[in-house]
S.K.: 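Following this message is one structure expressed as structure tokens.
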Amino acid sequence: MTIHQAAERPALDTRLISAVAGAPPPDRGAGPLGATLTFAWRVLLKIRHVPEQLLDATLFPIMFTLMFTYVFGGAMIGSPEAYLSYALPGILAQTIVFMTMYTAVTLNTDIGQGTFDRFRSQPIWRPAPLVGALLGDTLRYGIASGFVLGIATLIGYRAPGGLGGLAGAVALLLVFCFALSWLWLIVGLTVRTPAAVMGASTMILFPLTFVSSAFAPPGTMPAWVREFVTVNPVTLLVEAARGLLGGVPDAGDVLLVLGISGVMTVVLAPIALRLYSRGA
């Protein structure tokens, strides 16, 4: 790259934001909505150029659904079909919650390559790169949810709650994961390498997803484990989704998950934005 080309890149980036999202001209900066949508589109463009990024949203959900249903189904309840009815909300939650860590990995990689230093120098809404990345990843979560539900339907699952229950469960899951992703943004902004991000995220996500009611009823667990399971946010998410899919939604469970998601966003988002603005 020539010096002349390098000098022109910030202006070109701003013009791209303006052209794609209908934001103000470069000298006035890109508006919040336009800049955010552009960075969300950037996530999708990266997937188009590196299709392997969709493996965690397509192949892995299929593998998890088949594996949990046919490996654990007979031992847990007596038949894969009966177990699938119980475990599908947990499989759905576990698959998508684990995907949230890749938000931090991608961010950390961009920081290591100097990409976010350029973003911070642009005359755009400051949080746009982070919020846009979360919106783009939320679309990936939706794709993964579709694959989990699709393969479950192919092997015989029918949601008693109908399309409304399916839509409600997926929407609740996406809201929760959007809020949880702010935590991984903080991790991505503070940890040095993508490998360290993966390690830290996995240490948190494994107990949250597996020590829950996702795959086994809490009543079968020792009392000291059950105490953690009952307050685990993933358990609350799974139980709310289980009610929606089963056609017996519990408004209290749904409101509790929405409340937890709101609190996570209110607490974690300012921390992530402060770290980003300071160039962490």
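These figures come from a predicted structure and were not determined experimentally.
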S.K.: I'd like to know if the side chain of T202 reaches the main chain of G199, judged simply by a donor and an acceptor atom lying under 3.5 Å from each other, with no hydrogens or angles considered.
M.R.: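 Not confirmed, T202 side chain does not pair with G199 backbone.
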S.K.: Compare every heavy atom of S212 with every heavy atom of V234, then report the nearest pair and how far apart it is.
M.R.: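 For V234 versus S212, the nearest heavy atoms are CG1-OG, 4.1 Å.
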S.K.: If we only count heavy atoms from C-beta on, is the Y70 to Y83 side-chain gap below 4.5 Å?
M.R.: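 Counting from C-beta outward, Y70 and Y83 never come under 4.5 Å.
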S.K.: If you group Ile, Leu, Val, Met, Phe, Trp and Tyr by side-chain heavy-atom gaps below 4.5 Å, do M264 and V266 land in one group?
M.R.: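 M264 does not cluster with V266.
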S.K.: Could you go through V131 and F39, starting from their C-alpha distance and side-chain angles, then the distance that decides it, and tell me whether this counts as side-chain contact (heavy atoms from CB on, under 4.5 Å)?
M.R.: CA-CA 8 Å; V131 179; F39 283 104; over 6 Å; no
S.K.: State which residues pass side chain to side chain contact (heavy atoms under 4.5 Å, CB included) with A144; sequence neighbours excluded, sorted by chain then number.
M.R.: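 Applying side chain to side chain contact (heavy atoms under 4.5 Å, CB included) to A144 gives A57, P61, I96, M99.
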S.K.: If I take atom CG from residue L205 and atom CE from residue M198, how far apart are they, to the nearest 0.5 angstrom?
M.R.: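 Here the rounded value is 10.0 Å.
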S.K.: Distance check, rounded to the nearest 0.5 Å: T65 atom OG1 versus L88 atom CG?
M.R.: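 Those atoms lie 7.0 Å apart.
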S.K.: Less than 3.5 Å apart, which donor and acceptor atoms pair up between the side chains of residues 241-259 and the rest of the protein, not counting sequence neighbours?
M.R.:
{"unit_1": "R242", "atom_1": "NE", "unit_2": "Y86", "atom_2": "O", "d": "3.1"}
{"unit_1": "R242", "atom_1": "NH1", "unit_2": "S213", "atom_2": "O", "d": "3.4"}
{"unit_1": "R242", "atom_1": "NH1", "unit_2": "E239", "atom_2": "OE2", "d": "2.8"}
{"unit_1": "R242", "atom_1": "NH2", "unit_2": "Y86", "atom_2": "O", "d": "2.9"}
{"unit_1": "R242", "atom_1": "NH2", "unit_2": "S213", "atom_2": "O", "d": "3.3"}
{"unit_1": "R242", "atom_1": "NH2", "unit_2": "A214", "atom_2": "O", "d": "3.4"}
{"unit_1": "D250", "atom_1": "OD1", "unit_2": "G252", "atom_2": "N", "d": "2.8"}
{"unit_1": "D250", "atom_1": "OD1", "unit_2": "D253", "atom_2": "N", "d": "3.2"}

S.K.: What heavy-atom pair brings T36 and P32 nearest, and what distance separates the two atoms?
M.R.: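 Scanning both residues completely, I find the closest heavy atoms to be OG1-O, 2.7 Å.
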S.K.: For the pair D110 and Q113, evaluate side-chain contact (heavy atoms from CB on, under 4.5 Å) and give the outcome as yes or no after the intermediate values.
M.R.: CA-CA 5 Å; D110 280 342; Q113 295 174 346; 4.1 Å; yes
S.K.: Testing the 3.5 Å rule here: is there a donor-acceptor pair between the side chains of T103 and D137?
M.R.: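 Present: a donor and an acceptor within the cut-off.
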S.K.: Indicate yes or no for a side-chain donor-acceptor contact from T220 to the backbone of P217 under 3.5 Å, with no hydrogens or angles considered.
M.R.: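 Flag set: sc T220 to bb P217 pair under 3.5 Å.
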S.K.: Roughly how far, to the nearest 0.5 Å, is CE of M63 from CG of L59?
M.R.: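 Going from the CG atom of L59 to the CE atom of M63 covers 5.5 Å.
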S.K.: Specify the closest pair of heavy atoms between N108 and T193, including all atoms of both residues, with the distance to one decimal.
M.R.: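 Distance-wise, the nearest heavy atoms are OD1-C, 3.1 Å.
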S.K.: Is the shortest side-chain heavy-atom distance between Y102 and S201 below 4.5 Å?
M.R.: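 Side-chain contact under 4.5 Å: no.
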S.K.: Under 3.5 Å, side-chain donor or acceptor atoms of residues 163-188 against the rest of the protein: list the pairs with distances, not counting sequence neighbours.
M.R.:
{"unit_1": "S181", "atom_1": "OG", "unit_2": "Y141", "atom_2": "OH", "d": "3.1"}
{"unit_1": "S181", "atom_1": "OG", "unit_2": "C177", "atom_2": "O", "d": "2.8"}
{"unit_1": "W184", "atom_1": "NE1", "unit_2": "T100", "atom_2": "OG1", "d": "2.7"}

S.K.: Carefully, step by step, assess T69 and I91 under the rule side-chain contact (heavy atoms from CB on, under 4.5 Å).
M.R.: CA-CA 9 Å; T69 300; I91 296 171; 4.3 Å; yes
S.K.: Quick one: closest heavy-atom pair of G132 and V43, and the distance?
M.R.: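 For G132 and V43, the tightest heavy-atom pair comes out as O-CG2, 4.3 Å.
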S.K.: Under the ring-ring contact (aromatic ring centres under 6.0 Å, His included) definition, can you give me all pairs with a residue in residues 193-239, not counting sequence neighbours?
M.R.: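 Output for this query lists F68-F215, F98-F206, F206-F210, F210-F215.
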S.K.: Show me the side-chain donor-acceptor pairs of residues 146-160 shorter than 3.5 Å, one per line, residues at least two apart or across chains.
M.R.:
{"unit_1": "T153", "atom_1": "OG1", "unit_2": "L149", "atom_2": "O", "d": "2.8"}
{"unit_1": "R158", "atom_1": "NH1", "unit_2": "T153", "atom_2": "O", "d": "2.9"}

S.K.: A side-chain contact here means heavy atoms from C-beta on lying under 4.5 Å apart; do L208 and V97 qualify?
M.R.: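 A side-chain contact under 4.5 Å is absent here.
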S.K.: Could you tell me whether M67 atom CE has more than 12 heavy atoms of other residues or ligands within 6.0 Å of it?
M.R.: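 Enclosed: over 12 neighbouring heavy atoms sit under 6.0 Å from CE of M67.
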S.K.: Taking the side chain as every heavy atom from C-beta outward, state whether V197 and M101 have any atom pair closer than 4.5 Å.
M.R.: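 Not touching, per the 4.5 Å side-chain cut-off.
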S.K.: Hey, could you give me the CG/OG1 distance between L107 and T115, rounded to the nearest 0.5 Å?
M.R.: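 Reported to 0.5 Å precision, the distance equals 10.0 Å.
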S.K.: Test of understanding: with side chain to side chain contact (heavy atoms under 4.5 Å, CB included), list the residues that count as partners of A40, not counting sequence neighbours.
M.R.: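 Partners of A40 under the side chain to side chain contact (heavy atoms under 4.5 Å, CB included) test: L135.
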S.K.: Using side-chain contact (heavy atoms from CB on, under 4.5 Å), reason through L92 and V238 one step at a time and then give a plain yes or no.
M.R.: CA-CA 9 Å; L92 192 61; V238 169; over 6 Å; no
